[in-house]
A.B. asks: 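The structure is given below, and queries will be raised subsequently.
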Protein chains: 4
Amino acid sequence: MAPTTQQPDAPGAGAAPARGKGRPRSAAADLAILDATRAALAELGWGGLTMGDVAVRAGVAKTTLYRRWPSKNELVVDAIAILFDQLECADLGSLQADIEAVVAQFADLLSRPETQAALLALFAEGTRDRQLQQRIRERIVEPQKVLVQLGRANAQARGEMGPDEDPATACEEIDIIFDTIAGTVEHRLLVSGEPITPEWIRRFTTLLLNAFPGLN
Amino acid sequence: MAPTTQQPDAPGAGAAPARGKGRPRSAAADLAILDATRAALAELGWGGLTMGDVAVRAGVAKTTLYRRWPSKNELVVDAIAILFDQLECADLGSLQADIEAVVAQFADLLSRPETQAALLALFAEGTRDRQLQQRIRERIVEPQKVLVQLGRANAQARGEMGPDEDPATACEEIDIIFDTIAGTVEHRLLVSGEPITPEWIRRFTTLLLNAFPGLN
Amino acid sequence: MAPTTQQPDAPGAGAAPARGKGRPRSAAADLAILDATRAALAELGWGGLTMGDVAVRAGVAKTTLYRRWPSKNELVVDAIAILFDQLECADLGSLQADIEAVVAQFADLLSRPETQAALLALFAEGTRDRQLQQRIRERIVEPQKVLVQLGRANAQARGEMGPDEDPATACEEIDIIFDTIAGTVEHRLLVSGEPITPEWIRRFTTLLLNAFPGLN
Amino acid sequence: MAPTTQQPDAPGAGAAPARGKGRPRSAAADLAILDATRAALAELGWGGLTMGDVAVRAGVAKTTLYRRWPSKNELVVDAIAILFDQLECADLGSLQADIEAVVAQFADLLSRPETQAALLALFAEGTRDRQLQQRIRERIVEPQKVLVQLGRANAQARGEMGPDEDPATACEEIDIIFDTIAGTVEHRLLVSGEPITPEWIRRFTTLLLNAFPGLN
DNA sequence: AGGTAACCGAGACGGTACGTCCGGTCTTGGG
DNA sequence: CCCAAGACCGGACGTACCGTCTCGGTTACCT
């Protein structure tokens with residue numbers, strides 16, 4: 001048996017780069033591959049996405065792909081996760097404005113063809129593959145949830161909300177808010193297939209604030 | 001130009017029973033195929049679903065399958081749609097109870113392995129294939145939305161809500177309520193991967209009723 | 001269940017038409033089918049020949065084909081055999097002339113695209129299917145061999161040959177002559193792919209007559 | 001002869017220097033495939049020969065097969081051609097003996113089930129596909145014709161025949177002799193279905209020598 | 001400077017599923 | 001009993017990708 005079962009691993013994930021002996025991996029290849037993945041995703045959709053095609057687009061051998069990502073799913077998670085890392089929660093002075101900004105950002109992200117093609121497909125795969133679901137949560141879902149936590153903290157700092165009384169209850173509340181925002185936006189955009197306009201965002205945000213009586 | 005391109009067409013969908021020429025299609029085969037599809041879906045998931053395997057399970061030739069459904073997507077839509085046709089909206093005497101019942105039904109449906117495996121994958125394909133999206137909406141989404149409309153009508157009959165003032169506004173309101181319920185439940189169950197308990201349903205329903213100030 | 005396993009049978013083969021109860025078979029269909037078979041053979045070759053296509057060309061249902069011929073092979077044998085039934089052995093006054101005429105006729109037959117496409121393919125199938133080989137011999141090979149026998153009889157009548165001494169020896173001699181003529185013409189035309197000209201026929205006939213010293 | 005690494009791919013600019021890039025094709029696979037082809041041919045006949053079956057017998061993927069041979073026809077030509085490459089023309093001291101030896105060799109070859117199954121079927125396909133016919137001639141027919149030329153040269157060396165007077169005439173004579181030998185043996189064995197015994201060979205050879213008066 | 005270990009491209013490899021086609025059978029309604 | 005139409009089962013087709021495996025060659029570190 002091979003003594004070193006060389007696990008393929010995504011580049012940015014590990015902490016120590018394990019400065020080895022041989023030729024180091026091309027850093028440019030990572031970017032090229034992820035870009036190519038998003039491009040192929042936008043152009044062909046999840047079903048049309050092919051490892052061979054990504055390799056060709058990236059000017060890279062298929063071997064290089066598999067050396068870094070164990071399968072299509074993981075590759076796409078990383079390719080899409082980059083987009084979700086760009087989400088930000090600006091403090092605009094009021095909870096209403098902050099929520100609207102977050103929803104707008106999220107809606108923008110879900111309007112990109114590569115995101116549309118990939119997101120639901122990844123979620124679907126995740127229902128079967130627990131490890132993938134974990135990875136999706138870490139790289140894609142968590143960054144969104146952080147926005148909710150940040151917004152909540154900002155609101156508390158501004159005095160719009162009282163401080164958390166019970167951490168467990170607070171965590172549950174964050175979960176339900178998050179599922180509601182993310183789920184509703186995704187459903188309207190990707191399932192119902194209708195656009196998300198500023199008017200819709202305002203309406204939805206108002207409903208959301210109404211739902212929590214503690215907030216005026 | 002021929003208006004009916006329908007070479008492969010699902011049974012029951014078309015209005016005209018077509019020409020009475022030739023040997024008629026086996027009605028039993030339809031049921032066997034759809035059952036086999038759901039079974040394979042529950043067992044192997046979307047990615048593991050194979051037309052050949054479905055055919056074998058149904059005791060049917062692959063050609064028979066393709067004669068009726070042009071592709072995996074359409075087949076799965078029909079196989080899953082049957083489940084959504086079973087949704088009902090009982091009048092339990094209060095809006096809160098009615099909503100809770102609907103959410104519970106929907107959560108039950110999404111807890112079935114075949115639904116989990118298929119639903120998000122179908123939605124994902126739908127973002128690329130407009131015709132498929134239309135079909136999904138007709139066969140899967142619409143039956144759910146009808147429940148919201150029914151619940152609303154029941155509430156109005158009971159006097160919990162005032163009558164619709166503007167039909168367009170009412171329609172928009174139904175849309176937003178529907179996207180919120182469906183999206184939130186789906187997101188919690190399939191993306192966040194957390195269970196939907198009666199407590200959660202009660203909390204969520206309460207928030208929902210809070211959100212609409214017209215309802216006490 | 002049906003007590004009589006109704007064997008499909010070629011139309012012209014049986015003696016008694018078995019004047020039955022129901023609707024009699026369409027006589028026109030037989031001709032149309034055989035014509036269509038030859039046409040398809042000439043156009044598409046053996047490999048491209050399809051029962052469904054023949055049925056369409058003949059304006060007939062596939063069922064009708066199978067009611068009369070048990071399979072593609074038998075159908076083609078009959079379709080081609082018709083052509084071989086047209087071979088004749090005219091008495092032209094000399095053995096040389098008679099042989100040349102027969103060879104020319106045979107070469108003409110083998111130059112037709114439908115014959116080319118079918119003959120070798122049938123022979124090939126015949127090497128595996130003893131029953132088919134028998135049928136081929138009866139319907140296709142025998143009519144050719146009869147010409148050799150006739151030519152021999154004519155030559156004897158004209159005094160160019162002495163009478164048969166031993167029937168067994170005569171039969172062997174006919175066999176070897178026949179295999180030589182048929183085999184050589186087929187090989188030149190279908191394998192070597194070169195044309196058969198009057199010059200070639202004269203040369204070949206001369207060699208043939210040389211080969212048998214009893215003939216001056 | 002090696003299968004010439006004939007890519008079924010588009011030839012592109014032509015005369016590509018065949019870059020030594022990538023993993024080289026397995027040489028063992030070629031032999032295994034050709035052996036498997038002959039075995040399947042002998043067992044199942046031309047009609048029963050299946051690319052998938054050959055692949056399984058050879059322990060090879062179907063893709064490997066198609067990567068090397070564009071179709072069943074070409075594969076079988078190569079598989080059978082190997083057998084014809086083994087034909088030899090020994091100088092046994094007299095033309096009669098040499099011819100008898102050649103005929104016997106040829107009859108032996110045609111008695112092998114794989115040859116029987118393949119040869120006529122290939123010839124039949126060759127009548128439709130000019131490229132295939134060319135390939136058959138190069139790989140199968142030509143090796144046989146060489147024997148005739150060699151035998152003739154040997155006879156001239158021994159003084160049994162005078163030297164060629166006109167090259168064109170000589171060539172024509174070789175052609176007619178060859179078509180006669182090959183065609184007659186094939187027809188007796190494969191069409192008439194009768195065995196080729198030493199007695200038959202002696203008779204046939206005698207007739208052949210009679211036919212050419214220049215030979216005593 | 002030379003090893004050597006890990007990288008890289010290219011592409012062949014064993015598999016699996018695809019969607020199509022055809023052979024031969026059967027089941028309709030109608031003649 | 002025949003016919004046309006067409007659905008049915010089974011099975012081979014040739015293609016497309018998957019993920020793995022050799023190849024020859026290329027860096028970069030470590031003696």
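A note on names: the letters A, B, ... follow the listed sequences, proteins ahead of strands, and every chain is numbered from 1. The model shown is predicted, which means the values in this text are computed figures rather than measured ones.
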A.B. asks: Would you mind reporting whether B:Leu41 and B:Ile80 have side-chain heavy atoms less than 4.5 Å apart?
C.D. replies: yes
A.B. asks: Which of these nucleotides, E:dG9, F:dA28, F:dA5, is closest to any side-chain atom of A:Pro24?
C.D. replies: F:dA28
A.B. asks: For D:Ala29, is there any backbone N or O sitting under 3.5 Å from a side-chain donor or acceptor partner on D:Ser26?
C.D. replies: yes
A.B. asks: Atom CZ of A:Arg23 to atom P of F:dC29: distance rounded to whole Å?
C.D. replies: 12 Å
A.B. asks: Can you find a donor-acceptor pair, distance only, under 3.5 Å between B:Lys62 side chain and F:dG10 base?
C.D. replies: no
A.B. asks: For A:Tyr66 and E:dG11, give me the distance from atom OH to atom P, rounded to whole Å.
C.D. replies: 17 Å
A.B. asks: Are D:Asp30 and D:Arg25 close enough for a salt bridge, meaning some N to O gap below 4.0 Å?
C.D. replies: no
A.B. asks: Roughly, in whole Å, what's the span from CH2 in A:Trp69 to C1' in F:dC18?
C.D. replies: 18 Å
A.B. asks: In whole Å, what is the span from the CD1 atom of A:Ile33 to the C1' atom of E:dC8?
C.D. replies: 11 Å
A.B. asks: Whole Å only: how far is the CG atom of C:Leu75 from the P atom of E:dG23?
C.D. replies: 11 Å
A.B. asks: Looking at the side chain of C:Ser26, which of E:dC7, F:dC3, F:dG10 is the nearest nucleotide?
C.D. replies: F:dC3
A.B. asks: Here's a test of your reading of the structure: between C:Ser71 and D:Ala61, which maps to the more 5' nucleotide of DNA chain E?
C.D. replies: D:Ala61
A.B. asks: Tell me what C:Thr63 touches on the nucleic acid: a base, only sugar-phosphate, or nothing, going by heavy atoms under 4.0 Å.
C.D. replies: base
A.B. asks: Under 4.0 Å between a Lys/Arg side-chain N and an Asp/Glu carboxylate O for D:Asp35 and D:Arg57?
C.D. replies: no
A.B. asks: Starting the side chain at C-beta, find the nucleotide from E:dG14, E:dC8, F:dA4 nearest to A:Arg67.
C.D. replies: E:dC8
A.B. asks: Before you tell me yes or no, could you show the steps for A:Gln133 and A:Asp129 under side-chain contact (heavy atoms from CB on, under 4.5 Å), namely the whole-Å CA-CA distance, both residues' side-chain angles and the distance that decides it to 0.1 Å?
C.D. replies: CA-CA 6 Å; A:Gln133 194 175 50; A:Asp129 178 348; over 6 Å; no
A.B. asks: Tell me: CZ of C:Arg68 to P of F:dC2, nearest whole Å?
C.D. replies: 9 Å
A.B. asks: In whole Å, I'd like the distance from the NZ atom of B:Lys72 to the P atom of E:dG19.
C.D. replies: 8 Å
A.B. asks: Are side-chain heavy atoms of D:Arg128 and C:Trp46 found at a separation under 4.5 Å?
C.D. replies: no
A.B. asks: Please compare C:Gly59 and B:Ala29 by the position of their nearest nucleotide in DNA chain F and report the one closer to 5'.
C.D. replies: C:Gly59
A.B. asks: Charged N to carboxylate O under 4.0 angstrom, D:Arg68 versus D:Glu74?
C.D. replies: no
A.B. asks: Of the residues in residues 42-55 of chain A, which ones touch DNA chain E at a heavy-atom distance under 4.0 Å?
C.D. replies: none
A.B. asks: I need the CG-P distance between A:Leu65 and E:dA10, as an integer number of Å.
C.D. replies: 13 Å
